[in-house]
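Here's the structure, in structure tokens; my notes come after.
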Amino acid sequence: MEIDNLRIEIDALDSQIVSLLKQRMKKSKEIGIMKSKFNLELKDFAREQQIIHKFTENSNLNKEFVKEIYKLIFKESRRIQKNEAIKKN
């Protein structure tokens with residue numbers, strides 16, 4: 001059935017999304033180490049707004065959908081970075 005084939009393709013895409021998120025969080029952790037080392041704030045509001053703007057303006061996806069996804073990504077990134085800061089102290 002064609003729907004099964006489409007679901008297999010979606011599963012493969014979902015695996016790629018999770019893999020990319022893992023890579024992104026690894027980089028966030030590295031940034032967290034640097035922020036901790038140089039006593040920088042975890043939240044970089046300007047950077048977050050820049051990213052949201054970039055991907056909402058250059059996408060044919062629903063802007064609120066993209067914005068909410070990135071809010072969750074940023075929240076998890078800050079959690080990881082906070083953990084790195086705690087480890088330092």
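Here, residue 1 is the first one in the sequence, and each next residue gets the next number.
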>> Could you work out, with side-chain contact (heavy atoms from CB on, under 4.5 Å) as the rule, every residue matching Asn62, not counting sequence neighbours?
In response: Glu64, Phe65
>> According to salt bridge (Lys or Arg N to Asp or Glu O under 4.0 Å), does anything in residues 10-22 pair up with another residue at least two apart or in another chain? List the pairs.
In response: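 Pairs touching residues 10-22 that pass the test: none.
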>> For residues 52-61, which residue pairs pass the salt bridge (Lys or Arg N to Asp or Glu O under 4.0 Å) check, not counting sequence neighbours?
In response: Glu57-Lys63
Using distance only, find each side-chain donor-acceptor pair of residues 71-78 under 3.5 Å and give its atom names and separation, not counting sequence neighbours.
residue, atom, partner, partner atom, Å
Glu76, OE1, Arg79, NE, 2.9
Glu76, OE2, Arg79, NE, 3.2
Glu76, OE2, Arg79, NH2, 2.6
Ser77, OG, Arg24, NH1, 3.2
Ser77, OG, Ser28, OG, 3.0
Ser77, OG, Ile73, O, 3.0
Arg78, NH1, Glu48, OE1, 3.3
Arg78, NH1, Glu48, OE2, 2.5

Salt bridge (charged side-chain N to carboxylate O under 4.0 Å, His left out) partners of [X], counting only residues at least two apart:
| X | result |
| --- | --- |
| Glu2 | none |
| Lys43 | none |
| Lys67 | none |

Who else is in the cluster with [X] when I, L, V, M, F, W and Y are joined by side-chain contacts under 4.5 Å?
| X | value |
| --- | --- |
| Ile31 | none |
| Met34 | none |
| Leu20 | none |

> Residues two or more places apart in sequence or in another chain: which of them pass ring pair (Phe, Tyr, Trp, His ring centres under 6.0 Å) with Phe55?
Replying inline: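 In terms of ring pair (Phe, Tyr, Trp, His ring centres under 6.0 Å), with neighbours along the sequence ignored, Phe55 is linked to Tyr70.
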> So, Lys29 and Gln81: side-chain donor and acceptor under 3.5 Å apart, yes or no?
Replying inline: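 Distance-only check fails for Lys29 and Gln81.
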